[in-house]
Amino acid sequence: MHLSRYFMPILREPPKEAEIVSHQLMLRAGMIRQSAAGIYSWLPLGYRVLRKIEQIVRQEQDRAGAIELLMPTIQSADMWRESGRYDDYGKEMLRITDRHKRDLLFGPTAEEVITSIFRDGIKSYKELPRNLYNIQWKFRDEIRPRFGVMRGREFLMKDAYSFDLSKEASRLSYARMFAAYLRTFARMGLKAIPMAADTGPIGGDLSHEFIVLAKTGESQVFCHSDLLEIEVPAANTNFQGDLTEVMEQWIGAYAATEEMHDAKRFEAEVPKDKRVEARGIEVGHIFHFGTKYSEAMGARVQGPDGNLINLEMGSYGVGISRLVGAIIEAGHDDSGIIWPVSVAPFEVGLINLRVGDGATDSVCADIYAKLTGAGIEVLYDDTDERAGAKFSTMDLIGLPYQVVVGPKGVKDRQVELKDRKSGEKQTMSFEGVISRVIEDVQRNRILV
RNA sequence: CGGAGCGUGGCGCAGCCUGGUAGCGCACUUGUCUGGGGGACAAGGGGUCGUAGGUUCAAAUCCUAUCGCUCCGACCA
């Protein structure tokens, strides 16, 4: 992509409404624009990141055996009356009336829809277990949206729903999603730690929040430092099998958010030098909630003995739009964002320091062609800005690698490669930078 | 919903108290010089001052209402 033809309205100063750093940087980098309180347009740069995160979530759900479908944003109130939640849900639910005066709502979650679909589509225990997921925009009319996309009213969420015949089988489904989440967040360069969670209004008896540690996190969290060292399940993990052991490895050590924190237990179970007290951001939440919806909505199958059995269900959410903010909170410096390759809007920024200089232009054109030809995503700054402005912009938007080409270096057939994260700069030949960048990008695309 | 604050050009702000031709910095356009970490000079373009009423010869400024946004609290992926 040539920057001179792209749409990336950057701001030098952060708009005053942005309080936290991820919100400021997303506005400054031209990733989002606010449309109403807690509702955002995703500009091209931000949308590219959102789609990459979505794609990682999708790949890991597929790997774990979940099946994607797409459910509507607008739901019928009738379904919610059936589950008994229509009146319980309160003002967070955006209620809408159509021209026939029928009650509709903008879905804050999809348990009702999925339960009804699944109930009508399946009759026998032979068709279990199944896990269905969808990636869709949700709306919760938060009293006070804040922190940009971290706590918007409209948000993109992956939610998966497992259906099993028994509680034991359902726990296997839970462990499978648990393991999938470990991989999902690790691939985005995040250390996400599962922590025991309150099951809240959804109900049930097994629930974990996945918390990303970040200095600017919204809540205080406590855990054993060993949890930071455990390897996530490898790509070739057999997700058909029993992953209980993987899960137990993670839930063995102490980890809790402030709501669930028990200071006495923390001190008793975790040696002083292993205690981590940090800030955290919730990026995923999984529940095993049993038969709450299947009973209310009549989702049953016939078992081997011919008797009807209520389905055991679990639900598994990932805040995809929120993750964009969380990744920035976890990765930035004074100059701007620092993207991991796996979710970066472009993988490489190519800076032409002297647009109009024949030799410099042609070296840039050559590098651009060779990198894009190798499947690398390059944002080529071919604008007629001054060097300083270009460096600042590139640092702000946080592409992992910067290739800097100027007339001085070109004379000696040299260009510069800068690593955004370390700030390290190396001078090398045209050919050298091309092979080096291709190699580094390909190696870092998939982190685990 | 309780408390606090803010709406003036794309972004950041001054002007309001004490009514009198709408300003500053950045960004933008054109030109010249420049050119490796947000450059200099010159000339320009862009704003029904959130909206609606009212007071007044005259309203960004005073009064009333209303809408929007932000922060603190209760709530939350």
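By convention in this document, chain letters (A, B, ...) are assigned in the order of the sequence lines, proteins followed by strands, and residues within each chain are numbered from 1. Below, each value reflects all heavy atoms present in this structure, side chains not excepted, and no hydrogens, waters or symmetry copies.
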Decide yes or no, distance alone: a donor-acceptor N/O pair under 3.5 angstrom between the base of [N] and the side-chain of [X].
{"X": "A:Lys425", "N": "B:G36", "answer": "no"}
{"X": "A:Arg386", "N": "B:G38", "answer": "no"}
{"X": "A:Arg140", "N": "B:C76", "answer": "no"}
{"X": "A:Arg146", "N": "B:C76", "answer": "no"}

Inset, instruction - Kindly state whether the ring of A:Phe266 and the ring of A:His261 have centres lying under 6.0 angstrom apart. - result: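 Yes, they do, as the ring centres are separated by less than 6.0 Å.
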Inset, instruction - Would you please indicate yes or no on a ring centroid separation below 6.0 angstrom for A:Tyr316 and A:Phe178? - result: no
Side-chain N or O of [X] versus OP1/OP2 of [N]: is the shortest distance under 4.0 Å?
{"X": "A:Lys16", "N": "B:G12", "result": "no"}
{"X": "A:Arg144", "N": "B:C71", "result": "yes"}
{"X": "A:Gln34", "N": "B:U70", "result": "yes"}

Legend entry - Closest to side chain of A:Ile10, choosing from B:G36, B:C75, B:G38: B:G38
Inset, instruction - Please state the C1' separation for the pair B:C62 and B:U56 - nearest whole angstrom. - result: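 Taking atom C1' in both B:C62 and B:U56, they lie 10 Å apart.
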Inset, instruction - Write down the distance separating the P atoms in B:U61 and B:U8, rounded off to the nearest Å. - result: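 Per the computed distance, 14 Å lies between those P atoms.
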Legend entry - Polar side chain donor-acceptor pair, A:Tyr293 to A:Asn310, under 3.5 angstrom: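 The answer is no; no qualifying pair exists.
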Output one line per pair: protein atom, nucleotide atom from nucleotides 25-30 of chain B, and distance, for all N/O pairs under 3.5 Å.
{"residue": "B:G25", "atom": "N2", "partner": "A:Glu13", "partner atom": "OE2", "Å": "2.9"}
{"residue": "B:C26", "atom": "O3'", "partner": "A:Arg12", "partner atom": "NH1", "Å": "3.4"}

Identify the pairs formed between an N or O of the protein and an N or O of nucleotides 45-47 of chain B at a distance under 3.5 Å, and give each distance.
none

Inset, instruction - May I ask whether A:Phe391 stacks on the base of B:G38, given the cut-offs of 5.5 Å between ring centres and 30° between planes? - result: no
